[in-house]
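Report on the structure given below.
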Amino acid sequence: MDLLEKTQNQNRHPWEISRANRIFNLISGKKIINYNNIVDIGAGDCYFTEKFKEISLPPPQIFAIDIGYTQDDKLKSESIKLLSFVDDLPKEFHKNGENLFVMMDVLEHIENDDEFLGKIYNFLSENGILLITVPAWQFLFSSHDKFLKHYRRYKRKQLKKLLISNNFNVQECRYFYFSLFFLRLISGFIAKINRSGSSRKINTGIGNWRFSQNHPITKFITIILDIDFCICRIFAKFNIFIPGLSLLAICTKRSDKNI
């Protein structure tokens, strides 16, 4: 969860639950659970980061990076090392064994996304993996994006071109959550008709989800989103990219950077 959306409410939104589980399963399926270092950039409240503590023995060194962490947060954290900036990683981090970088809905927060990806390239090990998710389709940019301090949303070809220009091999790049894409289209159309939409709703985000994780409504919506994610992945294998609310890319480091 983005720290801007964090509230005293402990309930998790189905979107957050599904995204975390699907991405984690995707990572596990690629057999990168034995990496020495895992870096979650834009980790927020570490809901996703915490999952890596149980995946292997001995456990990897886990870093969570977010500019919202206080010094008190860093002192309290034990199994996960909290950092404020990517530059706080050791300078020779790319030589400290194989590593995995995860950036879930982070790149849209960075004004110079091209420069930032170049920085990630330098920290990534030769056989490392970079996994990125971003919000998709600029025409869906809304007041909620402004609230979350997004600079942009992305199209598949745009993100892929950006990654390739920064010397990444793109193994997979596809949309997911087509059901939410169409819901956003409808809500955007309604918002244009009714310009007096509630600002209170815009500013709460996913942090005020009313139902617990075990509530039937949460479980039902999570299952729908899980199925949605899998359908998008199946179609993508046949180069059919169904439009979705979000976009996923999995990359490796290209070793022929200077060629």
Side-chain angles (χ1 to χ4, degrees), residues 15-16 18-33 35 38-42 48 86 98-141 145 148 150-182 184-185 225-257:
W15 171 83
E16 186 178 19
S18 175
R19 186 188 66 161
N21 290 340
R22 291 307 99 207
I23 296 299
F24 186 76
N25 286 348
L26 190 62
I27 289 171
S28 300
K30 287 188 171 291
K31 299 180 180 179
I32 55 180
I33 60 173
Y35 274 43
I38 295 174
V39 184
D40 188 1
I41 302 174
F48 180 72
V86 173
E98 306 306 337
N99 52 52
L100 161 68
F101 278 75
V102 179
M103 295 172 55
M104 293 173 64
D105 288 22
V106 175
L107 203 59
E108 67 276 9
H109 290 272
I110 300 168
E111 186 172 8
N112 193 333
D113 52 358
D114 185 69
E115 180 182 340
F116 188 78
L117 284 173
K119 184 179 296 186
I120 299 301
Y121 180 94
N122 292 330
F123 278 107
L124 193 65
S125 60
E126 289 300 320
N127 295 312
I129 294 284
L130 169 64
L131 186 148
I132 294 177
T133 67
V134 292
W137 305 105
Q138 183 62 25
F139 67 83
L140 294 179
F141 196 92
D145 289 285
L148 293 175
H150 293 173
Y151 283 99
R152 68 195 75 79
R153 301 175 73 93
Y154 294 83
K155 290 196 300 184
R156 177 180 173 272
K157 289 183 179 179
Q158 175 191 3
L159 179 61
K160 191 172 181 180
K161 181 179 178 181
L162 180 64
L163 290 164
I164 291 173
S165 69
N166 279 280
N167 301 291
F168 289 101
N169 289 315
V170 181
Q171 295 183 340
E172 187 174 340
C173 188
R174 61 179 174 83
Y175 299 104
F176 61 100
Y177 294 155
F178 67 87
S179 55
L180 296 182
F181 169 79
F182 289 109
R184 178 65 68 87
L185 276 179
L225 292 177
D226 287 347
I227 294 171
D228 180 324
F229 187 95
C230 293
I231 289 174
C232 288
R233 189 181 188 195
I234 291 171
F235 273 89
K237 289 182 178 180
F238 298 95
N239 290 320
I240 301 173
F241 301 102
I242 304 174
L245 190 65
S246 297
L247 183 59
L248 163 75
I250 299 175
C251 317
T252 57
K253 186 172 184 176
R254 200 169 75 212
S255 58
D256 59 345
K257 180 177 179 180

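All residue numbers refer to positions in the sequence shown, counting from 1. All values derive from a computational prediction rather than experimental measurement.
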Rounded to the nearest 0.5 Å, how far does CD of Glu115 lie from CD1 of Ile120? 11.5 Å
Report yes if some heavy atom in the side chain of Asp228 is under 4.5 Å from a heavy atom in the side chain of Leu180; otherwise report no. no
When rounded to the nearest 0.5 angstrom, what is the spacing between CG in Asp40 and CZ in Phe101? 11.0 Å
How are the rings of Phe181 and Trp137 set relative to one another: parallel (under 30°), tilted (30 to 60°) or perpendicular (over 60°)? tilted
Go through it in stages, so that I can follow the logic: the residues are Tyr177 and Ser18, the test is side chain to side chain donor-acceptor pair (under 3.5 Å), and I'd like the CA-CA distance, side-chain angles, deciding distance and then a yes or no. CA-CA 10 Å; Tyr177 294 155; Ser18 175; 2.6 Å; yes
Side-chain donor-acceptor pair present, Arg254, Asn167, cut-off under 3.5 Å: yes
I want to check a possible cation-pi pair here: Arg184 against Phe139, using under 6.0 Å from ring centre and within 45° of the ring axis as the test. no
When rounded to the nearest 0.5 angstrom, what is the spacing between CZ in Arg152 and CZ in Phe141? 9.5 Å
For Thr252, does its backbone N or O pair with a side-chain atom of Asn169 as donor and acceptor, under 3.5 Å? no
Any side-chain heavy-atom pair of Leu159 and Val170 under 4.5 Å: no
Do Leu26 and Arg22 pass the side chain to side chain contact (heavy atoms under 4.5 Å, CB included) test, and can you show the C-alpha distance, the side-chain angles, and the key distance before you say yes or no? CA-CA 6 Å; Leu26 190 62; Arg22 291 307 99 207; over 6 Å; no
Give a yes or no on whether the backbone of Arg174 and the side-chain of Arg233 come within a donor-acceptor separation of less than 3.5 Å. no
Euclidean distance, Leu248 CG relative to Ile250 CD1, rounded to 0.5 Å: 5.0 Å
Hydrogens and angles aside, do Asp113 and Tyr154 bring a side-chain donor and acceptor to less than 3.5 Å of each other? yes
Looking only at heavy atoms, which two atoms of Arg153 and Ala136 are closest? And how far apart? NE-O, 2.8 Å
Counting only heavy atoms from other residues, nucleotides and ligands, does the tally under 6.0 Å from CZ of Phe241 exceed 12? yes
Here the pair of heavy atoms bringing Ile129 nearest to Leu124 is O-CD1, 3.7 Å
Smallest separation among heavy atoms of Phe48 and Ala20, with atom names: CE1-O, 3.4 Å
Would you check, one step at a time, whether the test side chain to side chain contact (heavy atoms under 4.5 Å, CB included) holds for Lys155 with Gln138? CA-CA 7 Å; Lys155 290 196 300 184; Gln138 183 62 25; over 6 Å; no
What is the distance from atom CD of Gln158 to atom CG of Leu163, rounded to the nearest 0.5 Å? 10.5 Å
With no hydrogens and no angle check, is any side-chain donor or acceptor of Arg156 less than 3.5 Å from a backbone partner on Leu247? no
Minimal non-hydrogen separation, Thr133 against Glu108, with atom names: O-OE1, 4.4 Å
List the atom of Phe168, the atom of Cys251, and the distance in Å for their closest heavy-atom pair. CB-CB, 3.9 Å
Do Ile23 and Phe229 have side chains that approach each other closer than 4.5 Å (heavy atoms only, starting at C-beta)? yes
Does Ser125 reach the main-chain N or O of Asn99 with its side chain, forming a donor-acceptor pair under 3.5 Å? yes
Counting C-beta onward and ignoring hydrogens, is there a side-chain heavy-atom pair between Phe176 and Ser246 closer than 4.5 Å? yes
How far does CG of Asn25 sit from OG of Ser28, to the nearest 0.5 angstrom? 6.0 Å
Determine whether a donor-acceptor pair (N or O, by modelled atom type, separation under 3.5 Å) exists between the side chain of His150 and the backbone of Asp105. no
For a 4.5 angstrom cut-off between non-hydrogen side-chain atoms, does Val106 reach Ile132? no
Going by heavy atoms in the side chains, are Phe123 and Ile41 under 4.5 Å from each other? no
For the residue pair Tyr151 and Ile110, what are the closest heavy atoms and their distance? CD1-C, 3.6 Å
Side chain to side chain contact (heavy atoms under 4.5 Å, CB included) for Asp145 and Leu140? Distances and angles first, verdict last. CA-CA 9 Å; Asp145 289 285; Leu140 294 179; 5.9 Å; no
Checking the side chain of Asn166 only, and the main-chain atoms of Leu117 only, is there a donor and an acceptor separated by less than 3.5 Å? no
